[in-house]
Amino acid sequence: MDKLAIVVPCYNEDTVLASTNEQLFYVIDKMVAKGKIDPASFILYIDDGSKDDTWDTIKKISESSSHVFGLKLAGNVGHQNALTAGMLAAKDFSDMMISIDADLQDDTDVIEEMIDKYYLGNDVVYGVRNDRSTDSFIKRTTATVHYKLMKMMGIKTITNHADFRLMSKRAVAQFSNYRETNIYLRGMIPLIGYKTDCVYYQRKMRSAGESKYPFWKMLSLSFEGITSFSIRPISLVFVLGLFIVLCSICAAMYAFASYIMGRVVPGWTSTILSIWFIGGVQLLSIGLIGTYVGKIYMEVKHRPRFNIEINSLCQHKETSHKDGDSI
Ligand code: UDP
Ligand code: MG
C-alpha cells in the first residue's frame, strides 16, 4: 500500500478549513479502511501568507491529529507557487500526492477512482470538470477563450482541468527538475510525460469565503500560461511583417503600372509605398529579433530535454557485473 499526501494551498481560508479537514479526513479514513492507502497517509496545508487566522487553524488541526501537517510561507506568493511549495515539501514523505483547493469545490468522491487509476500504472491522473454550470458567465467565457487560445498557441493542456490531480512520486520528482520561476502547473505537468489518465466530476459552488481568483487574476494566469509556454506570438509578429512587406511589393507594382499610364497624383505613390514598406520591414525585423529573444527565453528556463521512463541499460549493467563482464 502506498502512502498518499493530500496537498492543499490556503489563502485566507479560515472559514472553510474545519469542514475541509473533516471531509479530507473522511476520505483518508475510507481509503485506509479499504486497504488502498498506507495508514500513515497525511494532509499538508500550505498557508500562503494569509491575513486571517488560517495558520492558527492549521496549527490547531495539526496538533490534534498526527495525519495533518502545515507549511507556512513567509508571504503571499500565489496559488501556483504555494501549491508547488507543498508538492516539493511532501515529495519525500509520500508515494503519491493529490492537490486540491481548500474550498473543496472539487469532488472528493473521485479521489478513490484517482487512486485506482494510479495503481493501474498512471503517473498523473487529472481531475477534469465535465460541466461548468456552477461558474459565473464571466468565468465560463474567459475559461473557454483561454483553453482555445492555449490550443492555438500549440500548448499542451487538459481542457477544464484545474490543479485537482494525482501525481506519483516519480512524476513529482521529474517535475522538480523544471526550475523556472514563472510557474503554470497545468502547462508544466503535461511536459513530464509518463502514462496519464483522467477522472471526471462536477465542480460544486464554494461553500464559504470568496474566490481568490477575481477577473484580473484569471487574466494574468492565462497570460502567464501562454507566455511561459509559447513563443508563437513572436512568430505572429514576424509573419505579419512578412505579409506587409509582400503587400507593399504588390502595391508597388500596381502603383508603377498606374504611374506609367499617368493615372496618379504626383508624390502619393512614393509616400504611401515607403510608409508601408518601411513599416513592414520594421515589423519583420522586430519579429526576427523576437525569435532570437524567444529562443533565449526558452533556453534560460533550463527545462529537461527529456524524462526517462525505463532504462534497461541499468539492468544490463547489473547482470554484466554479476556475470563478471567488464563494461
Ligand atoms: N490560493 C492561494 N494563494 C492565493 C490565491 C489562492 O493559495 O494567492 C488558494 C486558495 O486558498 C484555494 C485555491 O488557491 O485553495 C484556489 O483559489 P479559489 O478557490 O479562490 O479559486 P477559484 O476556485 O475561485 O478559481
Ligand atoms: Mg475555489
Residue Ile310 excluded, over 12 heavy atoms near CD1 under 6.0 Å: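 Check fails, neighbour count at 12 or below.
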Those residues that, when tested against Tyr147, pass ring-ring contact (aromatic ring centres under 6.0 Å, His included) (two or more places apart):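 With sequence neighbours excluded, Tyr147 shows a ring-ring contact (aromatic ring centres under 6.0 Å, His included) to no residue whatsoever.
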With sequence neighbours excluded, residues passing ring-ring contact (aromatic ring centres under 6.0 Å, His included) with Phe277: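 Result, ring-ring contact (aromatic ring centres under 6.0 Å, His included) vs Phe277: none returned.
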Any side-chain donor near an acceptor of the partner, Glu210 and Asn12, under 3.5 Å: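 Note: Glu210 and Asn12 side chains miss the donor-acceptor criterion.
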Pair Asp38-Ser41, side-chain donor/acceptor within less than 3.5 Å: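 Ser41 and Asp38 do not have a side-chain donor-acceptor pair below 3.5 Å.
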Quick one: do [X] and [Y] make a salt bridge, cutoff under 4.0 Å?
| X | Y | value |
| --- | --- | --- |
| Arg129 | Asp131 | no |
| Asp2 | Lys36 | no |
| Arg170 | Asp123 | yes |

Pairs touching residues 8-18 that satisfy salt bridge (Lys or Arg N to Asp or Glu O under 4.0 Å), sequence neighbours left out: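 Those involving residues 8-18 are Glu13-Arg206, Glu13-Lys212.
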Qualifying salt bridge (Lys or Arg N to Asp or Glu O under 4.0 Å) pairs, either residue in residues 214-243, two or more places apart: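 Sorted result for residues 214-243: empty, none.
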Sequence neighbours excluded, every pair satisfying side chain to side chain donor-acceptor pair (under 3.5 Å) that has a member inside residues 81-98: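 Residue pairs passing side chain to side chain donor-acceptor pair (under 3.5 Å), neighbours aside: none found.
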Listed partners of Lys3 passing salt bridge (charged side-chain N to carboxylate O under 4.0 Å, His left out), at least two apart: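 Checked Lys3 against salt bridge (charged side-chain N to carboxylate O under 4.0 Å, His left out); zero matches.
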